[in-house]
Amino acid sequence: MSQDPRFAGDPLLVRAGRGLVPTPYAAAIHDHVHELTRGARAMLQPRNDRLELAALERNFTLRANEAFVAFFSVPLMQAVDAVAPHVRLCFTPKPNKDVAALRDGSIDLEIGVGDTTAPEMRARLLFHDRYVGVVRAGHPLLAEPNVTPERYAACKHVAASPRGEVAASVDEPLAALGLRREIHTVVPGFPDAMRIARHSDLVALVPQSCLGNALASDHAAKLGLQHFDLPVPTPEFTIDAMWHPRMDADPAHGWLRGIVFSVVQEAYPRLADNG
């Protein structure tokens, strides 16, 4: 091994008797090297950040469907603003389930049905949901105690679909009974379907979570709506918050995930995951 250590072609140490002494060049760069070494050690040490929410300035982009924005944007904004007034929430539509936006960082958090095929994505269960029927108050479908499959299928329906697709989980069990819904109107989202149902005799199919806090029937009544259990079995589904694993250790992102979970849990205490 060479006894003449060099840096960028210049000697750093020279022999003086039986020892080595620094050259003028080594002395000149001593402080700079010391600063670089201190910075490298700081980067490699475990983070011990104390998040100052009142001073935090950051934009978070959340991708969610129209229903989540309609029912959660206000309470979520209020919860964030109460402790972090300089944080901006940017809600963006969810045209598809492509996870590229989570991978490249253009989306911080995605809210939706937890069926992503990307194995590296992190997810936290927000709540369980299921579909129910919704009609205007006083609708003739609810004039009798039980909604049968035949009476349900005989109504005209409004379907919620951002891409114009009308097939839903209720259609397969209806078809097994030889029944089919008549889709009269198609709208982009569930809030649109509920609005049309409120002002017509059309029947809407919406997630039960769309009915408001704690799924209270009186809340639906305040909207001029009544909801009912579907007359055929349909599977439950879960709503998750999803993010890329590189955000796991980010204190601000962890705080955002906690805020989202807390707001949803307060709205749906019986459906949220308490684990």
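Keep in mind it's a predicted model, so treat the numbers as computed, not measured.
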Inset, instruction - Could you tell me whether Arg58 atom CZ has more than 12 heavy atoms of other residues or ligands within 6.0 Å of it? - result: yes

Legend entry - hydrophobic_cluster_shared for Val83 and Val260, side chain cutoff 4.5 Å: yes

Inset, instruction - Please report the C-alpha distance between Leu62 and Leu76 in whole Å, then the side-chain angles of each, then the deciding distance to 0.1 Å, and finally whether the side chain to side chain contact (heavy atoms under 4.5 Å, CB included) criterion is met. - result: CA-CA 11 Å; Leu62 292 82; Leu76 188 55; 4.0 Å; yes

Inset, instruction - Measure the shortest side-chain to side-chain distance between Arg103 and Glu120 over non-hydrogen atoms and say whether it is less than 4.5 angstrom. - result: yes

Inset, instruction - Please examine the side chains of Thr61 and Ser106, heavy atoms only from C-beta on, and report whether any two atoms are closer than 4.5 Å. - result: no

Inset, instruction - Just say parallel, tilted or perpendicular for the rings of Phe60 and His253, cut-offs at 30° and 60°. - result: perpendicular

Legend entry - Closest approach of Ala193 to Ala204 (non-hydrogen atoms, all atoms of both residues): O-CB, 3.8 Å

Inset, instruction - Could you tell me whether Asp201 and Lys156 have a side-chain N and a carboxylate O separated by less than 4.0 Å? - result: no

Legend entry - Same apolar cluster: Phe237 and Phe71, side chain cutoff 4.5 Å: yes

Inset, instruction - For atom CD of Glu172, decide whether the heavy atoms of other residues, nucleotides or ligands shown that lie under 6.0 angstrom number more than 12. - result: no

Legend entry - Short side-chain to backbone donor-acceptor contact, Arg181 and Leu174, under 3.5 Å: no

Inset, instruction - Mind checking the CG-CD spacing from Leu230 to Gln208? Nearest 0.5 Å is all I need. - result: 9.5 Å

Inset, instruction - First locate atom CG of Leu102, then atom NE2 of His244, and finally report the distance between them rounded to the nearest 0.5 Å. - result: 8.0 Å

Legend entry - ILVMFWY cluster, Leu141 and Val134 together (side-chain gap under 4.5 Å): yes

Inset, instruction - Could you label the plane-to-plane angle of the Phe228 and Tyr152 rings as parallel, tilted or perpendicular, counting under 30° as parallel and over 60° as perpendicular? - result: perpendicular

Legend entry - Gap separating the CG atom of Asp108 from the OG1 atom of Thr92, nearest 0.5 angstrom: 11.5 Å

Inset, instruction - Taking all non-hydrogen atoms of both residues into account, name the closest pair between Met242 and Ala123 and its distance. - result: CG-CB, 3.8 Å

Inset, instruction - Indicate yes or no: at least one non-hydrogen side-chain atom of Leu89 is less than 4.5 angstrom from one of Leu256. - result: yes

Legend entry - Within one Ile-Leu-Val-Met-Phe-Trp-Tyr cluster: Val87 and Trp243, side-chain cutoff 4.5 Å: yes

Legend entry - Side chain Asn146, main chain Thr148, donor-acceptor under 3.5 Å: no

Legend entry - Residue that, paired with Cys155, satisfies side chain to side chain contact (heavy atoms under 4.5 Å, CB included) out of Val203, Leu202, Val147: Val203

Inset, instruction - To the nearest 0.5 angstrom, please state how far the CG atom of Leu142 sits from the CZ atom of Arg151. - result: 7.5 Å

Legend entry - Spatial distance of atom CD1 (Ile111) from atom CD1 (Ile239) [nearest 0.5 Å]: 9.0 Å

Inset, instruction - Establish, from distance only, whether the side-chain atoms of Arg195 and His199 form a donor-acceptor pair under 3.5 Å. - result: no

Inset, instruction - Check the pair His157 / Leu205 against side chain to side chain contact (heavy atoms under 4.5 Å, CB included), numbers first and verdict last. - result: CA-CA 8 Å; His157 297 256; Leu205 181 72; over 6 Å; no

Inset, instruction - Mind running side chain to side chain contact (heavy atoms under 4.5 Å, CB included) on Val132 and Leu211 for me, showing each step along the way? - result: CA-CA 10 Å; Val132 296; Leu211 300 181; 4.3 Å; yes

Inset, instruction - Without swapping roles, check the side chain of Asp81 against the backbone of Gln78 for a donor-acceptor pair under 3.5 Å. - result: no

Legend entry - Gap between atom OH of Tyr131 and atom OG of Ser169 - 0.5 Å precision: 6.0 Å

Inset, instruction - Check whether any side-chain heavy atom of Arg130 sits under 4.5 Å from a side-chain heavy atom of Thr234, and report yes or no. - result: no

Inset, instruction - Identify the two heavy atoms, one from Ile183 and one from Ala159, that lie closest to each other, and give their separation to 0.1 Å. - result: CG2-CB, 3.9 Å

Inset, instruction - Would you name the heavy atoms of Val263 and Pro75 that are closest together and state the gap between them? - result: CG1-CB, 3.9 Å

Inset, instruction - Give the minimum heavy-atom separation between Pro251 and Leu51, together with the two atoms involved. - result: O-CD2, 3.7 Å

Legend entry - Full working for side chain to side chain contact (heavy atoms under 4.5 Å, CB included) between Glu66 and Asp192: CA-CA 9 Å; Glu66 184 186 29; Asp192 303 309; 3.1 Å; yes

Inset, instruction - Answer with yes or no whether the hydrophobic clustering places Met194 together with Ile196; edges join I, L, V, M, F, W, Y residues whose side-chain heavy atoms lie under 4.5 Å apart. - result: no

